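Quick notes on the structure that follows.
What you see is a predicted model, and the numbers here were worked out from it, not measured in a lab.
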Amino acid sequence: MQVIEANGAQIPTLGLGTWELRGRVCSRIVEQALRLGYRHVDTAQMYDNERDVGEALRASGVRRSEAFITTKIWPTHFAPPDLERSVKESVARLRITNVDLLLLHWPSSRVPLSETIGALANMKRAGLTRHIGVSNFDPHLLREAVSLCPEPLVCNQVHYHPRLDQSATRKACAELGLAVVAYSPIDQGNVKKETVLTEIGERHKKTAAQVALRWLVQQGVAAIPRTSRIERLSENLAVFDFVLSADEMARVFALGSGSRLEG
């Protein structure tokens, strides 16, 4: 699996999102993904499936050191004492010593960022996470978070797919040395409606979803598509055996800008 390096972290380029996956379905999908070669699994306190992800990790037979586990702190837990308690509970539910990446799930106006970001850094210092980052931060807030944090942030996880322009976020992350992690990278399956992606896919004998994922990978963006279907796991993983041309990349970028390039 290819990785993206940022401030000491090595984030597997393709991972598995687990939003809305719970119980046995979640455990089965995550276990199978790990067996197929996925090494990056994304969960969150709000998803209510950390326990299921932990069970899948143990059942998969994959060594803990080989899996990159991300979880996210919900904003209601951003006050420093609540944050620490919630992270300890997350690690306990996962039944692991620490997570690989701990993120602030969304910005919050209720707790000062300076307090929350300091508490997040303390979780790294306490050994509860190897790396820290944020999610859904706009460029201005991202710069503020980096300036306030006493430990290096490694990523900003954002909603990103071909029909959604995230050029400002990508530019800010590049300037700050942060990785971009894309959730909902195939727009909950809606990328299949884009004829541009379908046409490009036909040239490479790939699906529209695979083209969308490849487009992200070629930008140096990590993608964490979610699926509840076992058969989709292998499809989403098969994006490292073809390359999009510069023209094809430009045509996909044009989808997010609202224009269409012929090709």
How about S90 and Q45: does a side-chain donor come under 3.5 Å of a side-chain acceptor?
-> yes
Report task. Check the pair N98 / T129 against side chain to side chain donor-acceptor pair (under 3.5 Å), numbers first and verdict last. Result -> CA-CA 5 Å; N98 56 19; T129 182; over 6 Å; no
Examine the side chains of Q32 and R28 and answer whether a donor and an acceptor come within less than 3.5 Å of each other. no
### Query
Cut-off 3.5 Å, side chains only: do S245 and D247 have a donor facing an acceptor?
no
Sequence neighbours excluded, the answer for side-chain hydrogen bond (donor to acceptor under 3.5 Å, both in side chains) partners of R130 is D100
ring-ring contact (aromatic ring centres under 6.0 Å, His included) filter on H204, not counting sequence neighbours, yields F242
Just checking, any donor-acceptor pair under 3.5 angstrom between side chains of T70 and D42? no
Inset, instruction - Please answer: with hydrophobic residues joined when any side-chain heavy atoms are less than 4.5 Å apart, are L216 and V181 in the same cluster? - result: no
### Near-ring test W74/Y47, centroid separation under 6.0 angstrom
no
Item to complete: Report yes if some heavy atom in the side chain of I29 is under 4.5 Å from a heavy atom in the side chain of L233; otherwise report no.
Response: yes
**Prompt:** Can you check whether N236 reaches Q210 side chain to side chain, under 4.5 Å on heavy atoms?
**Reply:** no
Notebook entry, point to check: Can you find a side-chain donor-acceptor pair between N136 and Y183 that sits under 3.5 Å?
Noted result: yes
